[in-house]
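A, B, ... follow the sequence lines: proteins, then strands. Residue 1 opens every chain. Treat the numbers as computed from the prediction; the structure is a model and nothing was measured.
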Amino acid sequence: MYALVDCNNFYVSCERVFAPQLAGRPVVVLSNNDGCLISRSDEAKALGLKMGEPYHLVRPLLEQQQVRVFSSNYALYGDMSRRVVQVLSNFAAELEIYSIDEAFLDFSGMSLLAPDLPAYGIRVKKTVLKHTGIPTCVGIAPTKTLAKLANRLARRQATTGVLVLSTSEQWEPALAATPVADIWGVGRRYGRKLQEMGILTGAALAALPEHWLRRHLGGVVGQQLWHELHGQPCQGWNPAEWDEDDQLQPAASRRHSITCTRSFGRPQHEAAVLAEAIATFVARAAEKMRRQGLSAHLITVILGTDRYAPTAGPTTHTGVVSLPVSTNDTAALTQAALHGLHRLRRPGTAYHRAGVLLSGLEPAAQAQLGLFAAPAADQPRRQQLMATMDKLNARFGRQLVGLAAAGVAKDANGQPKAPAWAGRSAYCSPRYTTGWHELWRVG
DNA sequence: TCTGGGGTCCTAGGACCC
DNA sequence: TCTGGGGTCCTAGGACCC
């Protein structure tokens with residue numbers, strides 16, 4: 001059996017932990033660049049506010065209804081997520097971190113619990129709430145897909161927030177009551193297609209032959225879905241592992257890419273500004289890569305023009321630079337990325353977004369050596385430099401030290417100032433749990 | 001003026017290799 | 001009259017998830 005533990009309205013719940021006066025009031029959290037609504041309290045949902053809605057379109061309604069608005073604060077949400085996972089790790093031998101606000105627990109080998117699964121689920125929920133202040137819902141079933149379904153239905157049970165679907169007698173009615181587009185793995189496109197074919201519920205989907213799903217729902221992916229809906233586990237399992245800092249992380253070897261992309265506050269066309277932005281993104285992605293003990297031999301530079309312009313043609317342009325030897329050295333990666341940027345950029349074009357993608361990842365300790373390129377003599381010192389940089393930035397705040405290529409945006413008094421390409425973030429809460437100067441004040 | 005970011009898997013065509 | 005099969009790399013896009 002698997003349990004899916006899903007945090008309710010996660011980003012809003014994180015903000016409310018440190019602003020308890022917002023309980024019962026409508027609250028929303030915006031995406032980066034204050035672009036869209038990406039988390040809504042129940043009260044905000046009741047006002048008809050939709051997920052992903054552009055902020056500038058609903059701003060008048062938000063003001064009129066006195067909805068509390070937050071810019072996204074990933075330093076806070078990431079840390080709260082870590083705390084939730086830490087608590088969950090006490091309730092199962094293995095867990096999988098599925099996203100920032102969800103984790104699967106593997107209950108196999110705990111069959112003695114079977115009669116008490118609902119009670120166990122309630123204990124999980126209560127403990128997470130007590131230790132972190134974050135409300136959750138728990139769905140328990142023999143496959144991940146059915147656990148997802150159980151979780152969805154658990155949210156409606158305001159009483160307990162826990163639902164167990166252990167037998168087909170239990171999950172079949174649940175499938176029958178669920179619109180097909182709400183089944184995990186059926187998105188908007190497939191959902192519409194299935195509805196047009198008269199397949200309206202999860203039960204109708206499960207009743208089709210296995211080969212039909214393989215044919216119409218993305219091949220192997222659809223076939224797996226069929227098995228999952230029939231109680232036969234088919235989804236992979238990517239267990240979390242303890243890292244050197246005693247934190248649970250998704251198993252590093254399974255990660256295939258690391259990206260850092262941002263929309264700009266306003267369009268940018270200057271080569272120098274784009275270069276500083278790209279160098280900043282490389283620094284962040286490389287730091288993340290080092291934290292996971294990986295190195296990359298491919299770096300992709302991404303430039304995006306206006307996605308919403310009424311012109312045809314692609315708005316995302318990418319250029320791949322391959323490195324002779326895989327590395328996680330920020331300087332080497334920056335050099336490669338700036339080379340890629342130079343090739344990719346079209347002078348005079350205004351870009352709205354940019355980013356980098358690191359791929360061809362492998363454990364840094366086992367990185368393939370170059371056939372012709374001897375390891376640089378200063379390599380050990382460079383690695384030490386990166387490790388020191390990471391430590392300083394971790395302790396004293398992001399980007400305390402970095403490459404000059406990433407820009408040194410300071411005002412006349414030497415105080416840090418946002419770079420030209422920075423996005424909007426007008427309503428950001430403090431980093432209550434990760435910044436010494438931003439700790440929560442009580443009383 | 002204004003529309004996110006980070007992932008996964010799969011497919012396909014063109015250019016190139018032998 | 002007639003033109004293979006097995007690859008890689010790059011770019012782009014479609015589907016899904018949160």
Participant: Kindly point out which of C/dC16, B/dG6, B/dT3 is positioned nearest to the side chain of A/Pro54?
Facilitator: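 Of all the options, the side chain of A/Pro54 is nearest to B/dT3.
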Participant: If only side-chain N and O atoms of A/His352 are considered, is one of them under 4.0 Å from the OP1 or OP2 phosphate oxygen of B/dC2?
Facilitator: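 No.
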Participant: Would you tell me if any nitrogen or oxygen in the side chain of A/Lys148 comes within less than 4.0 Å of OP1 or OP2 on C/dC18?
Facilitator: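 Affirmative; the distance criterion is met.
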Participant: Rounded at 0.5 Å granularity, tell me how far CG in A/Leu333 sits from OG1 in A/Thr327.
Facilitator: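 Rounded to the nearest 0.5 Å, the CG-OG1 separation comes to 5.5 Å.
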Participant: Within the 4.0 Å heavy-atom criterion, would you say A/Leu217 contacts the bases, only the backbone, or no part of the nucleic acid?
Facilitator: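 Since no nucleic acid heavy atom lies under 4.0 Å of A/Leu217, the category is nothing.
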Participant: Is the distance from OP1 or OP2 of B/dG5 to the nearest side-chain N or O of A/Arg353 less than 4.0 Å?
Facilitator: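 So the side-chain polar atoms of A/Arg353 never come under 4.0 Å of the phosphate oxygens OP1 or OP2 of B/dG5.
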Participant: Working note: A/Asn328 + A/Leu294, criterion side chain to side chain contact (heavy atoms under 4.5 Å, CB included); need CA distance, chi angles, decisive distance, verdict.
Facilitator: CA-CA 7 Å; A/Asn328 58 23; A/Leu294 299 171; over 6 Å; no
Participant: Hydrogens and angles aside, do A/Asp34 and A/Ser71 bring a side-chain donor and acceptor to less than 3.5 Å of each other?
Facilitator: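 Result is yes, a qualifying pair exists.
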Participant: It should be established whether A/Ser263 places a side-chain nitrogen or oxygen under 4.0 Å from OP1 or OP2 of nucleotide B/dG5.
Facilitator: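 For A/Ser263, the contact criterion (side-chain N or O under 4.0 Å from OP1 or OP2 of B/dG5) is met.
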Participant: Take atom CZ of A/Phe10 and atom C1' of C/dC18, then tell me their distance rounded to the nearest Å.
Facilitator: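 So the two atoms are 12 Å apart, to the nearest Å.
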Participant: Categorize A/Arg266 for me: base, sugar-phosphate, or nothing, with a 4.0 angstrom heavy-atom threshold over every strand shown.
Facilitator: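 Counting heavy atoms under 4.0 Å across all strands, no contact is made by A/Arg266.
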Participant: State whether the side chain of A/Glu228 and the backbone N or O of A/Cys234 hold a donor-acceptor pair below 3.5 Å, judged by distance alone.
Facilitator: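 A pair under 3.5 Å: yes.
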Participant: Could you tell me how far apart A/Leu57 (CG) and B/dT1 (P) are, to the nearest whole angstrom?
Facilitator: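 To the nearest whole Å, that distance equals 14 Å.
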Participant: Mind checking A/Glu102 for me? I need base, sugar-phosphate or nothing, with any heavy atom below 4.0 Å counting as a touch.
Facilitator: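 Here A/Glu102 touches the backbone only, sparing every base.
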Participant: Could you tell me whether A/Asp101 contacts a base, only the sugar-phosphate backbone, or nothing, with contacts defined as non-hydrogen atoms closer than 4.0 Å?
Facilitator: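 Here A/Asp101 touches the backbone only, sparing every base.
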Participant: As a test of reading the structure: which of B/dG5, C/dT11, B/dT8 is closest to the side chain of A/Thr261, going by heavy atoms?
Facilitator: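 Nearest to the side-chain atoms of A/Thr261, counting from C-beta on, is B/dG5.
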Participant: Would you tell me if any nitrogen or oxygen in the side chain of A/Tyr77 comes within less than 4.0 Å of OP1 or OP2 on B/dG6?
Facilitator: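 Checking A/Tyr77 against B/dG6: no side-chain N or O falls below 4.0 Å of OP1 or OP2.
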Participant: Would you indicate what A/Ser257 reaches in the nucleic acid, counting non-hydrogen atoms under 4.0 angstrom: base, sugar-phosphate, or nothing?
Facilitator: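 Contact class for A/Ser257: sugar-phosphate only.
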Participant: Does the A/Asn151 side chain pair with the main chain of A/Leu4, one donor and one acceptor, at a distance under 3.5 Å?
Facilitator: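 Indeed, once roles are kept as given, a pair shorter than 3.5 Å links the two residues.
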Participant: Testing the 3.5 Å rule here: is there a donor-acceptor pair between the side chains of A/Ser41 and A/Arg68?
Facilitator: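 Judged by distance alone, the side chains do not pair up.
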Participant: Taking the P atom of each, how far is B/dT3 from C/dC18, in whole Å?
Facilitator: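 Between the two P atoms, the distance is 25 Å.
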Participant: I want to check one thing: is the phosphate of B/dG5, taken as OP1 and OP2, less than 4.0 Å away from some side-chain N or O of A/Thr259?
Facilitator: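 Result: no.
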Participant: Is A/Tyr98 stacked against the base of C/dC17, taking the criterion as centroid distance under 5.5 angstrom and interplanar angle under 30°?
Facilitator: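 No, aromatic ring not over the base.
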Participant: Any side-chain N or O of A/Thr318 less than 4.0 Å from the OP1 or OP2 oxygen of C/dA12?
Facilitator: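 Looking at the OP1 and OP2 atoms of C/dA12, one of them is under 4.0 Å from a side-chain N or O of A/Thr318.
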Participant: Can you see if the side chain of A/Ser322 gets near the phosphate of C/dC9 - specifically, an N or O under 4.0 Å from OP1 or OP2?
Facilitator: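 It does not, given that no N or O in the side chain of A/Ser322 lies less than 4.0 Å from OP1 or OP2 of C/dC9.
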Participant: Quick one: on DNA chain C, does A/Leu298 or A/Thr315 contact a more 5' nucleotide (nearest heavy atom)?
Facilitator: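 The residue whose closest nucleotide sits nearer the 5' end is A/Leu298.
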Participant: Phosphate oxygens OP1/OP2 of B/dG4: is one of them under 4.0 Å from a side-chain N or O of A/Arg307?
Facilitator: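 It does, given that an N or O in the side chain of A/Arg307 lies less than 4.0 Å from OP1 or OP2 of B/dG4.
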Participant: Grab the NZ-C1' distance between A/Lys193 and C/dG14 for me, whole Å please.
Facilitator: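 For the pair A/Lys193 NZ and C/dG14 C1', the rounded distance is 12 Å.
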Participant: What is the distance from CG of A/Asp34 to C1' of B/dG5, rounded to the nearest Å?
Facilitator: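 It is 14 Å, rounded to the nearest whole Å.
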Participant: For B/dC18, which nucleotide in any strand shown is its Watson-Crick or wobble partner with both distances under 3.5 Å?
Facilitator: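 Result: C/dG5.
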Participant: How is A/Arg59 classified with respect to the nucleic acid when contacts are heavy atoms under 4.0 Å: base, sugar-phosphate, or nothing?
Facilitator: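 Since no nucleic acid heavy atom lies under 4.0 Å of A/Arg59, the category is nothing.
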Participant: Are the ring centres of A/Phe107 and A/Tyr120 closer than 6.0 Å?
Facilitator: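 That pair passes the under 6.0 Å test.
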Participant: Between atom CH2 in A/Trp184 and atom P in C/dC16, what is the gap in whole Å?
Facilitator: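 Taking atom P of C/dC16 as the reference, CH2 of A/Trp184 is at 14 Å.
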Participant: Separation of A/His317 atom NE2 from C/dT11 atom P, in whole Å?
Facilitator: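 Rounded to the whole Å, the gap is 12 Å.
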Participant: For A/Cys260 and A/Asp306, take the nucleotide of DNA chain B holding the closest heavy atom to each; which residue's nucleotide lies nearer the 5' end?
Facilitator: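 Nearest-nucleotide comparison on DNA chain B picks A/Asp306.
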Participant: Under 4.0 Å, heavy atoms only, any strand: does A/Lys288 hit a base, just the sugar-phosphate, or nothing?
Facilitator: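 Sugar-phosphate, no base atom in range.
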Participant: Measure CZ/A/Phe281 against C1'/B/dG6 and give the value in whole Å, please.
Facilitator: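 To the nearest whole Å, that distance equals 14 Å.
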Participant: What is the distance from CD of A/Gln235 to C1' of C/dC17, rounded to the nearest Å?
Facilitator: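 Distance, rounded to whole Å: 10 Å.
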